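Below, each value reflects all heavy atoms present in this structure, side chains not excepted, and no hydrogens, waters or symmetry copies. Keep in mind the model is a prediction, meaning the values are calculated, not measured. Naming: A, B, ... by sequence-line order, numbering from 1 per chain.
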Amino acid sequence: MKENFYTVLYMVLIAAGFTGVTSGVHLLNRERIERNREAMRARVVLRALGIEVRRGAGFEEIEQVYRQRVQDTGRTVTIREEEHPILEGLDEQGEPMGYAFEIVGRGVWDAIRGYLAISLELDLILGLAWHEQNETPGLGGEITREWFMAQFRDLPLPDEPGPDGRYVRLVPAGVEPGEHDADAITGATGTSDAVQEIINHALGRFMQAMAESD
Amino acid sequence: MTAQMLIIFFSAIFTDNILLARFLGMCSFLAVSRQIKTAVGLGAAVTFVLACTSVLNWFVYHRLLVPFGLEYLRFIAFIIVIAAFVQFVEIVIERFSPVLYYALGIFLPLITVNCAILGVSLFMIIREMGAVMSFFYGAGSGVGWALAIIAMAGIREKMQKARIPKGLEGPGITLIIAGIMALAFLGLAGALTPPQ
Amino acid sequence: MPDMMKKIALSRSWQVFKTGVWNENPIFRQILGICSTLAITNLMVNTVVMSAGLIFVLACSNVTVSLLRNYTPRRIRMIVQTLIIAAYVIVVKILLDAYLPDVSEALGAYVGLIITNCIIMGRAEGFASSNPPWPSLVDGVACGIGYSIILIAITIPRELMGQGTLFHVQLLGEWWRPWTIMVMPPGAFFALALAVWIARRHAEPPAAEQQTGGPPQ
């Protein structure tokens, strides 16, 4: 009986002790983790808008740039039942230069999330950046590479989607990309299809939202 | 909805195999893949525990930890749930089905330390799955793991008499076979299109 | 100075250290604990951070288990050890989130899976629960380093051949066509199998070689 009591007491003490220690470490770092998380997202928004923050910049630096160059328009766009705010990017003089909003969809392994930036006249994709993807490294994972994302920098958008409902297409190797197209990733058909779908779906919703709010 | 559950289930078996694509549960995979019979027993036990603990942990995380802002304690919470569940199942089947106990019971203690179990719970949180989806993901992962270990046991039984370079005996050759199996499973990646 | 070296070589700590790094190297000798780490060995940065986290958890949990070894009731030993390990893993996860968010994101669930790494549990149970804190610390660090060496040995060919880079720095020129398979799951199996093969061929003492002859059990 006495032994049982000791065992229980010991277990409770150990559990309380370690929970206390981990909670302490958590509390000490909570603010930092939260700001890191925000900064990671802020950086992707900036990247989509074509504003690069130097590699290795801390969250303070990113937050500062973000405050200067991005503001909320108060409007939202609904993509896959999630409501996302439409943000506005400002150029160095503080004049609006385009919109940015979160895009989302399923990739090959997992959800893909990123930001898409569109010019004020809605005739250009300003840029694209991802903050969440788990595509196969070396294949689908190439969507995070500079060459892939560069294709979407200032990519002209057609006035109307094509007969297949698409604004932009990812074309396989060997096919000459048209004015509104980008190269797909060779060997990663699943990811390329997913990305094409994510972008076009989001564009459709965004155009609709803009037309409604005008 | 149903289609998505099925896709989650089958992709967990084939394209995102917890063992061959995520490397979880390797220890028992290398140690207990010599005979088909034991592989089947362990595979069944893992599948059962995975399907149940993924749902249990879903509720623990979303109903107990998130409301109190204790998400960071999930590692401890999950491992305790898994250990407790395994212990509970062991007691129950020992009491009610000695036959099942002798078939599966001996594998249960091995399962607590099987990283696949904890891994599925962690992936389910990262991928923001719902409770039902977690169940299908857990069950699919279990079946996928069982499939991999049974196939490996079958190959190893056939290879018993094969002449293998000394340094590769045991784990070495098992790893190479696992690599080839992973290649084959990789080929299925395009077969399941992601639901939109 | 030579005296000093001799002293170090003969000391118990050094013996414990050597045993941990080489003689009882967890991966080669026991093929343990690869599950939770093999997945992240396609990039050097991830491997190094993972190794550091692992060494930290191993050392801390070993010392803690050792300090508590005379007070812990036998029956609940395992659960106490698991609790200790889980607590340190949470600390690692929090610190990574706070100071290396990019890497933490890349490692994803695998940081948490350090808990189920058989090596940590194995050292806690096999060494720390019956030895004083100081040797336990040495043992933990040594096993961690031995483990890290293997992980790095697997990662170098994977990242170099798979992407032509190391630590994200382009090392191979344009002429190198990346072997994508190396960064994908099968590459990890093949790289580990080769590493085990090479190590066993060169490191097995002759006596042991005779013992291991014959078909595997």
Participant: Compare every heavy atom of Thr22(A) with every heavy atom of Ile94(C), then report the nearest pair and how far apart it is.
Facilitator: CD1-O, 4.0 Å
Participant: Decide yes or no for Pro101(C) and Arg37(A): does some side-chain heavy atom of the first lie under 4.5 Å from some side-chain heavy atom of the second?
Facilitator: no
Participant: Any non-hydrogen side-chain atom of Val91(C) less than 4.5 Å from a side-chain atom of His26(A)?
Facilitator: no
Participant: Rounded to the nearest 0.5 Å, how far apart are NE2 of His131(A) and CD of Glu105(C)?
Facilitator: 9.0 Å
Participant: If you count heavy-atom pairs under 4.5 Å between each of Ala106(C), Ser104(C), Ala87(C) and chain A, which one has the most?
Facilitator: Ala87(C)
Participant: Once rounded to the nearest 0.5 Å, what's the spacing between atom CE of Met11(A) and atom CG of Leu83(C)?
Facilitator: 5.0 Å
Participant: Quick check for you: to the nearest 0.5 Å, what is the distance between Ile79(C) atom CD1 and Ile14(A) atom CD1?
Facilitator: 12.0 Å
Participant: Might you confirm whether atom CZ of Arg30(A) has over 12 heavy atoms from other residues, nucleotides or ligands at distances under 6.0 Å?
Facilitator: no
Participant: Check this for me: Trp134(C), atom CH2, are more than 12 non-hydrogen atoms of other residues, nucleotides or ligands nearer than 6.0 Å?
Facilitator: no
Participant: If you define the side chain from C-beta out and look only at heavy atoms, does anything of Leu68(C) sit under 4.5 Å from Tyr10(A)?
Facilitator: yes
Participant: Just how far is it from atom CG of Asn29(A) to atom CG of Asp97(C), taken to the nearest 0.5 Å?
Facilitator: 9.0 Å
Participant: I'd like to know if the side chain of Asn36(A) reaches the main chain of Ala98(C), judged simply by a donor and an acceptor atom lying under 3.5 Å from each other, with no hydrogens or angles considered.
Facilitator: yes
Participant: Answer with side chain, backbone, both or neither: which region of Ala15(A) has an atom nearer than 4.5 Å to a non-hydrogen atom of chain C?
Facilitator: both
Participant: What's the spacing between Thr64(C) OG1 and Phe18(A) CZ if we round to 0.5 Å?
Facilitator: 5.0 Å
Participant: I need the residue from Ile181(C), Ile90(C), Leu96(C), Thr72(C) with the largest number of non-hydrogen atom pairs under 4.5 Å to chain A.
Facilitator: Thr72(C)
Participant: Can you tell me how far the NZ atom of Lys93(C) sits from the CD1 atom of Ile33(A), to the nearest 0.5 Å?
Facilitator: 9.0 Å
